[in-house]
Amino acid sequence: MTPMKELRVQLEVLRYNPDTDTEAHFQRYELTCPEEWVVLDALNTVKAEIDPTLNYRWSCHMAVCGSCGMMINGTPKLSCHTFLRDYEGTVIRVEPLAHFPIERDLVTAPDDFMEKLKRVKPYIIPKEKKPISEGEYKQTPAQLMKFRQYSMCINCMLCYAACPEYGLTPSFIGPAALTLAHRYNLDSRDGGRKERQEVVATHEGVWECTFVGACSEACPAHVDPASALQQMKITSSIDWIVEHLIPGGNK
Amino acid sequence: MAKSHKPVVWFPFAAGGTVIAFFIPVIVVLTFMAALGHVPPGLSYDRMHAFAGSSLGKLVIFGVVALSLWSSAHRLRCTCFDFGLRADTLVATVLYIMAIAGSLLSAVYLLQI
Amino acid sequence: MDTISTDVAIIGAGGAGLRAAIALAETDPTLRIALISKVYPMRSHTCAAEGGAAGVIKPDDSFDMHFDDTVGGGDWLSDQDCVEYFIHEAPKELLQLEHWGCPWNREADGSVAVRPFGGMKKQRTWFAADKSGFHILHTLFQTSLQFPSITRYDEYYALDLLVDDGRCQGVTAMEMRSGQLRQFHAKAVIIAGGGAGRMFPFSTNGAIKTGDGMAMAYRAGAPLKDMEFVQYHPTGLPNTGSLLTEACRGEGGILVNKNGRRYLQDYGMGPETPVGKPQLKTMELGPRDRVSQAYWHELQKGNTVSTKWGDCVLLDMRHLGEKKINERLPLVRELCASYLQVDIVKDPVPIRPVVHYMMGGISTNTKAATPLPGLFAAGECACVSLNGANRLGSNSLVELLVFGRRAALSAIEHIQGLPASNAAALNTRAEETQSRINELFSRIDGTESMSALRKEMMDTMEKNVGIYRTEEGLQEGVSKIHELRQRYRNIILTDKTSVFNTDLFQALELGSMLDCAEAVTVGALARKESRGAHQRLDYVERDDKKFLCHTMVYHQGLDVPRVDYLDVVITKSPPGVRDYSGDHK
Amino acid sequence: MSRRPLVREVPPTSWYFHRPTYLRYMSREITCIFVAAYCVLLVVGLQRLAAGPAAYEAFLLGLKSADSIVFHLLALAASVYHAATWFGATHKAMPIQIGENFVQPGVISGAHYVVWLVLSFVILYLAGVF
Ligand SMILES: Cc1cc2nc3c(=O)[nH]c(=O)nc-3n(C[C@H](O)[C@H](O)[C@H](O)COP(=O)(O)OP(=O)(O)OC[C@H]3O[C@@H](n4cnc5c(N)ncnc54)[C@H](O)[C@@H]3O)c2cc1C
Ligand code: SF4
Ligand code: F3S
Ligand code: FES
């Protein structure tokens, strides 16, 4: 058995407790961890062995539940998928996700995101209703692939923390929610695009996006929200032309 | 929330972005040669005049200039916002008027040729 | 304390809870539904399920075959009336999900595709790449957003059921972001709190799977059923415990020991099948209990590979080729690459069995009703006796749907013509919970550290209640867990503040896990036979004379719980031999 | 005590210093300043062209200065950088699906570069550069 290499890890974690603090401050923890560990493992060790008052969210430890998003050295990351080996010899600065209010320590309030998800009507609005007894809607693999990438979003909100336009203009519906609208728009079973346009094509919708692209860079699920938003700008523009410049087009 | 009229400005922005990407670099090279003192033969008065005199030439020149101007103006508007200039309506009005003015002027000049 | 009045309260917003909520909202839009969950719905652990969900859909398949696979796979401990109901509902539920937008993989003609899975005679596992549970959960969550009658209480930690007049009438829950306790008064309560794999140190389960729902019902008087049946998944990553889905083997991956031998053939799952041509219900597609047990034997024989993560066997998928791996098992490739730094296209992956699933849970009948009136349960926290002594991979995700919906319908039936509740009495119950919390906060003489206690529990479970069990080990386990439950009364909170106090929630979760752990150990000690996932070295045979029955464990306060038994429902398939030797015998 | 979420404002005038990604974005965006300035130059050139040969020759001669060289270099860099970012992004705005698969991003941007080079050479050729 080859022994595991160990790393000396220094974490600098943003702390805030509304019961006792008026401001946030950094706290430093030092510990030794196996080199293959992720930042979340280090936090778990801190919580179990050094400081039980440290708070953060996590569950799956396999980058699929979307709970553990944090700013790590200023970049939004899933802490269960951020490897200590990539930060060897440096202090790792851990902060709550940017652009969301801090509830406590690394725990932010995602209410705004949850509200926006709902607004884009992220569910099938069937083109034609059909009872279960008639079986499945046929969908070819090509039709599936058309939207599949956009259905992979784990709602981790890293893209919101990455997008400066969301930070500057919080009313922006934002990358993940808009991408979800696009996902349903592209689904061959769906007929709800027109309804969703009422949100997508507003100022707060795709038009707030200036194609910074930081959302796609941050996305751990390779959803590429920036591309979805660009595509929706094009379709929304075509809609506008049809509605305003073609006689009878706004029917 | 009403739907936005952003497409009016965004569509020409996107078209302009493509035009800039494909045409501006090479045009810059041409005038750059002039700046270096080697005016390319195609930039001579006669040939330029002939080109701008044809209706296709007029259309091409106008298209490139107007779309590039528009695209730059729109992008500049967003950049102003990004730099923290929050008077967006004012900025937009000024920049778009300038772009339109530039386009109109080039149209007028072209028609004079 | 604020009171929230509702018609039906659902605890848990994973697959089962969301399915129940949607069924309630669709069936009767006037019902007020409170959906309470300690995490945002899409964080629920259903998202981690990879492989897929079983339902008869293809012409060459039949309900009878699904029935036989499930009952045999469960080593005849499944209630056959329940299995019957389940297999017929399964395809309907999966189609319903399809209509709601679930991105199932497809055949070229646009129909739904299915893949092979362990212990199944036919290909009948619907899948969405290797993110099936993820897509099911998100489809359900997103679909639920269209129903105004579903009010979500996200990040509310449910504590105790409110029982009065012999029926369950609500629940107390703490809003995690404020630390405020709320009482929910409801005409019916559905628990969909998920599993309890976190009792064990090495598990595929997420941090939230701490058996709160089970413990809550158990403390309120409902029995826990068949808790000793804990499923080990044969292929977990040796360091993080992350799951490599059974689909790895379904697609053709093989298991080899340090000598390169496909050792499953030595444990009643042979003869060997050609590499890359998996055959249903034999070799690598044997049931999970058998495949995990084979690992244990290899370990005893010294045939395992020793790695820096401990003893392992190898899962070899190289022959599948890069294209197929990327298409069908992208997540698996990604997991191995990042957490083990192994590329499955180029190298075999070291793996070992890992605690995965609780066959046992809150005792329910085919209507998803518990013996406590007004209380219903569905999903992994419930034991409706579908899975018997060993769950077949891909039956669970469907169970969530079938019995989530069933619980909703039963709840609606239950609330018709219900007598008015006594709010004052419920209030008193809720105050008891409040005092319990207050006592925990004000305790200053506590001496036990929570993380130390948790570690002792996990170590005990691993050592004494693992894949193979003995009388001696179980005795030790029972007395150790019992001792830990006593010591738990003496734990001390470090964090005494109100907002998002995870120190507090971890303490409460530890309490739940200890309750569940005691039911597991006590049940295992009493069951003197080997069946499915419960294997005893001292009673190696299945004993249908004495133990063709469900273990029912009743909470007795701080005392050792009471164990009772309930007959298994056999309708058409008498106990037989589990045969995994393939077609060519 | 209870909830008191801490809201952190994004500094509106300096946020782009916070991450390299943002700086890259801003540098892409400010290419428009040089492109716009260059367009103004083109409009002036058109005016000169309309004003007759003498004016136009003077205009061409006027381009010959150190400032003009610097300006041209900046405009060239900006427009090329713009082109690169634009070609790199078209596969996002307009993905092409053939059967089940999408055309690789590299293929789409590569095609753009090829068209770009051909176009540029044709224009240079027509302008008599070679
Ligand atoms: C890694 C992995 C892979 C799997 N793969 C498959 C597969 O391929 N096929 C298959 O059929 N099955 C699979 N399973 C099993 C299956 O996924 C689970 O059994 C199932 O998802 C459980 O769903 P659930 O709705 O019961 O619980 P969960 O999804 O775990 O949800 C539990 C809910 O209860 C809530 N809750 C818990 N405690 C409290 C409390 N105190 N207060 C408030 N709310 C609470 C949680 O917040 C959560 O919303 C897999 C399991 C794992 C772990
Ligand atoms: S789009 Fe990507 S980054 Fe954004 S929430 Fe979804 S998974 Fe996270
Ligand atoms: S970072 Fe923001 S501006 Fe658009 S491309 Fe992504 S949403
Ligand atoms: S813990 Fe689930 S995404 Fe990190």
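A quick note: this is a predicted structure, and the numbers were derived from the prediction, not measured. Note: hydrogens, waters and symmetry copies are ignored here, and every other heavy atom, side chains too, is used. Just so we're on the same page: letters track the sequence lines, and every chain starts at 1.
- Contacts between B:Ser71 and chain D at a heavy-atom distance below 4.5 Å are absent for every atom of the residue.
- Between the side chains of B:Thr31 and D:Tyr38, at least one donor N or O sits under 3.5 Å from an acceptor N or O.
- Considering only heavy atoms from C-beta on, B:Ile27 comes within 4.5 Å of D:Leu42 through its side chain.
- Both the backbone and the side chain of B:Ala34 come within less than 4.5 Å of a heavy atom of chain D.
- For D:Ser120, the parts lying under 4.5 angstrom from a heavy atom of chain B are both the backbone and the side chain.
- Counting heavy-atom pairs closer than 4.5 Å to chain D, the top residue among B:Leu43, B:Leu30, B:Ile24 is B:Leu43.
- Note on ring orientation: taking the six-membered ring where Trp is involved, the planes of D:Trp86 and B:Phe13 are perpendicular (angle over 60°, cut-offs 30° and 60°).
- In this structure, chain D has no heavy atom under 4.5 Å from any part of B:Leu85.
- Under 3.5 Å, the side chains of D:Tyr25 and B:Asp82 contain a donor-acceptor pair of N or O atoms.
- At a 4.5 Å heavy-atom cutoff, the contact between B:Met33 and chain D is made by side-chain atoms alone.
- Side-chain contact between D:Ile69 and B:Phe32 is present, with at least one heavy-atom pair separated by less than 4.5 Å.
- Interface remark: of the candidates D:Ala50, D:Ala51, D:Ala77, D:Ala83, D:Ala50 forms the most heavy-atom pairs closer than 4.5 Å to chain B.
- Chain D forms more heavy-atom pairs under 4.5 Å with one residue of B:Arg47, B:Met98, B:His49, B:Arg75 than with any other, namely B:Arg75.
- The aromatic rings of B:Phe22 and D:Phe87 lie tilted to each other, with the angle between the two planes from 30° to 60°.
- Interface summary for chain B: among D:Pro53, D:Ala75, D:Ala78, D:Ser68, the most heavy-atom pairs under 4.5 angstrom belong to D:Pro53.
- Top candidate by heavy-atom pairs under 4.5 Å with chain B, chosen from D:Ser79, D:Gly128, D:Gly62, is D:Ser79.
- Looking at B:Leu110, the atoms closer than 4.5 Å to chain D (heavy atoms on both sides) all sit in the side chain, from C-beta outward.
- Contact of D:Thr31 with chain B is made through the side chain alone, with heavy-atom distances under 4.5 Å.
- Side-chain contact check for B:Phe81 versus D:Pro12: every heavy-atom pair is 4.5 Å or farther apart.
- At a threshold of 4.5 Å between non-hydrogen side-chain atoms, the residues D:Met26 and B:Phe83 count as touching.
- Between D:Leu119 and B:Val26 the shortest side-chain heavy-atom distance does not fall below 4.5 Å.
- Residue contact with chain B, scored on non-hydrogen atoms closer than 4.5 Å, involves the backbone and the side chain of D:Leu49 alike.
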